[in-house]
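Before any comments, here is the structure.
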2 protein chains.
Amino acid sequence: MNIETENRERQRTPLDREKVLKAAVQLADREGIDSLSMRRVGHQLGVEAMSLYNHIANKEDLLDGMLDVVLAEIDPPLADEGDWRHVFHERVLAARRALKRHPWASTIVVTRVNPTPQMLAYMDSMIGIVRRAGFSLDLTHHAMHALGSRTMGFAQELFEDSADPSADPAAMELMISQMAEQFPYAAEIATKVRHDDESVVGSGCDDQFEFEFGLDLILDGLERLRRADESR
Amino acid sequence: MNIETENRERQRTPLDREKVLKAAVQLADREGIDSLSMRRVGHQLGVEAMSLYNHIANKEDLLDGMLDVVLAEIDPPLADEGDWRHVFHERVLAARRALKRHPWASTIVVTRVNPTPQMLAYMDSMIGIVRRAGFSLDLTHHAMHALGSRTMGFAQELFEDSADPSADPAAMELMISQMAEQFPYAAEIATKVRHDDESVVGSGCDDQFEFEFGLDLILDGLERLRRADESR
DNA sequence: ACCTGAACACCGTTCAAGT
DNA sequence: ACCTGAACACCGTTCAAGT
């Protein structure tokens, strides 16, 4: 029995911040972040929207809290053993798994104006990995900027759904043939992606693969710079 | 005399799509994307919000059109001469300059569900640069994913304003000392950034530098892969 | 052909009033 | 101490009615 039905029957349990956040996360998971309103979170808890203001400051505070619920799910880092790139890579994938469970979370990260406590804790642990691997303060700073949102397990993909399998193939075919004249290079890539998608084994647009490809490209570049710095 | 005052006096000139887009861009430049509403764009043109629907389909269509106004300002690419990385780098900076003139544009890019015509044209030209430099179709595809939004001249920065000079130094000092215990690595970086900002010459958090650092790190990594691929 | 008034179904947030 | 009714100042969008 979830919170909603429980509270609809009789509102014995008083509200608190944690209950509000949990209900909001549940609602966003089920209906998407665009459907999340104060009124709807209230309804989910069997309460009017105004009651929520007794437990959260405003909607921004609600979003901050929801993000921290998600980030608290990230697995702790591996021990510092062997190549720092491995430790870093694995932790980024742990963050990615947590964010993937709540697809709205990455859009929330991006709109935060101040880092939340859990974001700070996560970033601190990631900075620690490279510092203990011998990165200078300068190179560490550049590294974090270069990685950007990849540190948190996601990257800004342009045209995320162009390879969406739900798009019907006939429309895709038409689009590609129309693009071919004006945008030959883009059409060539779109054709490749479509072909690879059709063959079962191929991975025309495997998000996970592309994410790790980009991540390791940057980590390898950084390791090269660390070595150059060290032997300076 | 701008469109607003002109049309307030007497509405002789009939509306068209271009005028709506221009007015919307002007409004977003001046007051930010959050202040952009159908009602306010209408007001800017001396017209009710409902009139806009004669020229644009809906708000998403308006945002698409606004983005294409901005992207049309990107300088054309250099000739294919010398290192492809230079040509690519310079064009990305051209895109960056255009987006920087309209700070809301990058947030619009990120929320598009379908690529706009100008986005397609831009991406096509960038794909062309690497293809003509000898990249395989596969590597080209991975390259575009690895670069992500960097291709368009921006990157997802976490905590953009943590080095904001408008934040008062005393509050910054306090925050850092509070962080130091719980988040020593993050505090160390924050301290460095603050020091470099104070010295006039230093560039503790030079967005432009960090952007190009990350861009070149990826371009160099890709060039290495291209060479390995070629001599395979 | 283009513009508008009225309306619909929503938002976040405040605050005095209730229990 | 916590919750609510009423209200404020907004949204995007539709559609019949006006010119």
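Atoms considered below: every heavy atom in the structure, side chains included; atoms not considered: hydrogens, waters and symmetry mates. Chain letters run A, B, ... following the sequence lines, proteins first and then strands; every chain starts at 1.
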> So, is A:S51 near the phosphate of D:dT4, with a side-chain N or O under 4.0 Å from OP1 or OP2?
Replying inline: yes

> Does D:dC2 have OP1 or OP2 sitting under 4.0 Å from an N or O in the side chain of A:H55?
Replying inline: no

>> Could you spell out the base pairing of DNA chain C as a dot-bracket line? Use Watson-Crick and G-U wobble contacts where both distances are under 3.5 Å, [ ] for crossing pairs, | for partners on a different strand.
In response: ||.|||||...|||||.||

> Can you list the residues that meet the side chain to side chain donor-acceptor pair (under 3.5 Å) rule with B:S125, with sequence neighbours excluded?
Replying inline: B:R91

>> I'd like to check the side chain to side chain donor-acceptor pair (under 3.5 Å) partners of B:D61; sequence neighbours left out, ordered by chain and number.
In response: B:R17

> Which letters describe nucleotides 10-15 of chain C, given B = protein heavy atom under 4.0 Å from base, S = only from sugar-phosphate, - = neither?
Replying inline: -BBBB-

Please write out each protein N/O paired with an N/O of nucleotides 17-19 of chain C under 3.5 Å, distance rounded to 0.1 Å.
none

>> So for atom CD, which belongs to A:Q208, do other residues, nucleotides or ligands contribute more than 12 heavy atoms lying within a distance under 6.0 Å?
In response: yes

> Given the P atoms of C:dC10 and D:dA9, what is the spacing between them in whole Å?
Replying inline: 22 Å

> Got a sec, which residues hit salt bridge (charged side-chain N to carboxylate O under 4.0 Å, His left out) with B:E212, two or more places apart in sequence or on another chain?
Replying inline: none

Please set out all donor-acceptor pairs under 3.5 angstrom arising from side-chain atoms of residues 116-124 of chain B, sequence neighbours excluded.
residue	atom	partner	partner atom	Å
B:T116	OG1	B:D68	OD1	2.6
B:T116	OG1	B:M119	N	3.2
B:Y122	OH	B:T151	O	2.6
B:D124	OD1	A:Y185	N	2.8
B:D124	OD1	A:A186	N	2.7

Looking at residues at least two apart in the chain, or sitting in another chain, which of them share a ring pair (Phe, Tyr, Trp, His ring centres under 6.0 Å) with [X]?
X	result
B:F211	none
B:F213	A:H142
A:H55	none

> Just by distance, do the side chain of B:K22 and the backbone of B:V69 share a donor-acceptor pair under 3.5 Å?
Replying inline: no

> Quick one: ring pair (Phe, Tyr, Trp, His ring centres under 6.0 Å) pairs with a partner in residues 97-118 of chain A, sequence neighbours left out?
Replying inline: A:H102-A:W104

>> How many whole angstroms separate atom CD of B:E48 from atom P of C:dT4?
In response: 5 Å

> Just how far, in rounded Å, is P of D:dC3 from CD1 of A:I56?
Replying inline: 12 Å

> Among pairs that include at least one residue of residues 40-50 of chain A, which meet salt bridge (Lys or Arg N to Asp or Glu O under 4.0 Å), considering only residues two or more places apart or in two chains?
Replying inline: A:E31-A:R40

